[in-house]
Amino acid sequence: MSEMNINNKKTILVVEDNRLNMKLAVDLLELNGFDVLKAIDGETALTILEKQIPDLILLDIQLPGMDGFEILKIIRKEARLNSVKAVAFTASVMKEAVEHIRASGFDGYIAKPFDTKNFITKVKKTLLS
Ligand code: MN
């Protein structure tokens, strides 16, 4: 473990509209000791963020209403959310899509369908970055 041995009491907000992906993400995070907050859309996520500051947001790009880019834009304007890391959930890992994600202020991305082995590794690496 060594360098991956971080404080697992960190809080992660998962924003995902697909129920199966949400369950998988939450199960993996909780199994690894993280505190998890859940939102099925941007409006719900922003309401949660009014009261709580998670360490990391896992943000689906394709959502009903605001998409992941719009939600991150709002988050990045909030000084009190400066410390929050953001990772995109994306179905597209084409070069252009990944570049757009990086340029939009995300700290990284996780491709869907999830690779369960690499999921937690990516989360921990992002929290340590
Ligand atoms: Mn989606």
Side-chain angles (χ1 to χ4, degrees):
M1 291 296 276
S2 62
E3 84 277 5
M4 297 300 274
N5 188 10
I6 60 164
N7 174 12
N8 281 355
K9 280 297 159 198
K10 289 185 183 287
T11 300
I12 301 180
L13 170 60
V14 181
V15 189
E16 169 63 77
D17 63 315
N18 179 284
R19 289 178 67 173
L20 286 177
N21 285 335
M22 172 66 93
K23 185 178 180 344
L24 183 55
V26 171
D27 285 353
L28 287 168
L29 292 167
E30 288 182 345
L31 270 172
N32 282 274
F34 291 101
D35 288 330
V36 183
L37 303 168
K38 292 176 264 185
I40 55 162
D41 58 25
E43 205 178 315
T44 310
L46 294 174
T47 301
I48 289 171
L49 290 170
E50 283 172 16
K51 297 173 201 134
Q52 299 188 68
I53 303 179
D55 298 285
L56 172 68
I57 301 177
L58 299 177
L59 187 50
D60 187 22
I61 293 295
Q62 289 190 302
L63 290 163
M66 283 179 275
D67 67 16
F69 294 114
E70 291 176 88
I71 297 165
L72 187 66
K73 207 180 216 179
I74 294 167
I75 291 169
R76 289 300 186 229
K77 281 181 189 161
E78 292 270 353
R80 55 180 281 278
L81 300 175
N82 266 351
S83 64
V84 180
K85 301 267 173 69
V87 168
F89 285 157
T90 178
S92 174
V93 290
M94 302 283 284
K95 194 166 170 262
E96 266 187 20
V98 170
E99 278 171 3
H100 185 34
I101 285 169
R102 296 250 181 233
S104 302
F106 282 97
D107 299 289
Y109 68 91
I110 289 174
K112 297 197 289 189
F114 300 143
D115 173 344
T116 55
K117 258 192 178 172
N118 291 327
F119 184 95
I120 291 296
T121 304
K122 190 70 162 253
V123 165
K124 290 183 177 177
K125 274 187 179 163
T126 305
L127 285 168
L128 286 168
S129 66

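The basis for the numbers below is simple: all heavy atoms, side chains too, and nothing from hydrogens, waters or symmetry mates. Predicted, not measured: the structure shown is a model, and the values here were computed from it. Counting convention: from 1, in listed order, for ligands and their atoms alike.
Using the six-membered ring where Trp is involved, Phe114 and Phe89 have ring planes that are tilted, between 30° and 60° apart.
Within the structure, side chain to side chain donor-acceptor pair (under 3.5 Å) contacts touching residues 68-91 (residues at least two apart or in different chains) are Arg76-Asp107.
Counting only protein atoms, the N, O or S atoms lying less than 2.8 Å from the Mn ion (ligand 1) are Asp17 OD1, Asp60 OD2, Gln62 O, ordered by chain and residue number.
At least one donor-acceptor pair under 3.5 Å links the side chain of Asn18 to the backbone N or O of Asn21.
Cluster annotation: Leu63 and Leu13 are assigned to the same hydrophobic cluster (Ile/Leu/Val/Met/Phe/Trp/Tyr, side-chain heavy-atom contacts under 4.5 Å, transitive).
Legend: residues meeting salt bridge (charged side-chain N to carboxylate O under 4.0 Å, His left out) with Lys51, ordered by chain and number and at least two apart, are absent. Every side-chain contact (heavy atoms from CB on, under 4.5 Å) that Glu30 has, sequence neighbours left out, goes to Val26, Val36.
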